[in-house]
Amino acid sequence: QNVGLKAHLGGGFFVSVTSGFKCVDLREFYFNKTKGFPCPTKHGIALKLAVWTRLGEVFQEIKRKIPELAKTFGKAMERCRSKRRTIFSA
C-alpha cells in the first residue's frame, strides 16, 4: 500500500491519502506492541475528495463562528488540505 500522505491529527487519529484511491481516510490507530508500530482500527471513515473539500469549506464557516474549535482541529485540517492539492494536482 503506497501512502501519499499520512498526518497525525492527535491522540490515535490519523488522516491519510493512498495513491490509486481518490479519497481521504480519517482513522483511529492503536499501537501494536508486538509489531512495534501503529495499526489501523475499524473506527474511521473514507471520504471522497468532493466531500473532503466540502468538509473544509464547512470547517471554515465553523471557524468563523466558533474560533475555539479552530485551535483544536484547524492546523491539521489545513495541512492535510494543502498536501492533498499537491498529491492530486495532476
Side-chain angles (χ1 to χ4, degrees):
Q1 188 172 0
N2 191 5
V3 176
L5 165 72
K6 188 172 187 177
H8 184 237
L9 297 176
F13 292 92
F14 288 82
V15 61
S16 63
V17 178
T18 305
S19 58
F21 298 94
K22 292 190 176 183
C23 67
V24 177
D25 187 48
L26 299 165
R27 188 145 317 271
E28 183 178 16
F29 280 66
Y30 71 97
F31 188 79
N32 185 313
K33 293 179 183 178
T34 305
K35 294 181 179 180
F37 55 85
C39 295
T41 68
K42 293 180 181 181
H43 303 138
I45 187 168
L47 301 173
K48 292 181 179 180
L49 295 180
V51 175
W52 175 255
T53 300
R54 180 66 183 132
L55 178 63
E57 293 166 357
V58 169
F59 177 72
Q60 294 302 320
E61 185 175 335
I62 291 170
K63 190 165 90 171
R64 283 191 292 278
K65 292 181 180 181
I66 311 170
E68 308 85 64
L69 290 179
K71 295 175 187 172
T72 325
F73 191 65
K75 290 180 183 176
M77 182 72 158
E78 291 302 319
R79 184 175 64 224
C80 293
R81 285 181 58 133
S82 66
K83 294 283 188 186
R84 183 186 57 84
R85 279 191 211 106
T86 303
I87 293 168
F88 291 107
S89 61

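C39 approaches K35 most closely through the heavy-atom pair SG-CD, 3.9 Å.
Expressed to the nearest 0.5 Å, how far CG of D25 lies from CG of L5 amounts to 11.0 Å. Expressed to the nearest 0.5 Å, how far NZ of K42 lies from CZ of R27 amounts to 11.0 Å. Between the NZ atom in K22 and the CG atom in L49 there is a gap of 7.5 Å [rounded to 0.5 Å].
Taking Ile, Leu, Val, Met, Phe, Trp and Tyr as hydrophobic and joining them when side-chain heavy atoms fall under 4.5 Å apart, one finds F29 in a cluster with F14.
Linking Ile, Leu, Val, Met, Phe, Trp and Tyr residues whenever their side-chain heavy atoms come within less than 4.5 Å places L26 and V51 in a single cluster. Transitive grouping of hydrophobic side chains (ILVMFWY, heavy atoms separated by less than 4.5 Å) brings I45 and W52 into a common cluster.
The shortest distance between side-chain heavy atoms of V24 and V15 falls below 4.5 Å. The closest side-chain heavy-atom distance from K63 to Q60 is below 4.5 Å.
Remark: E61 does not engage R64 in a salt bridge, criterion side-chain N to carboxylate O under 4.0 Å.
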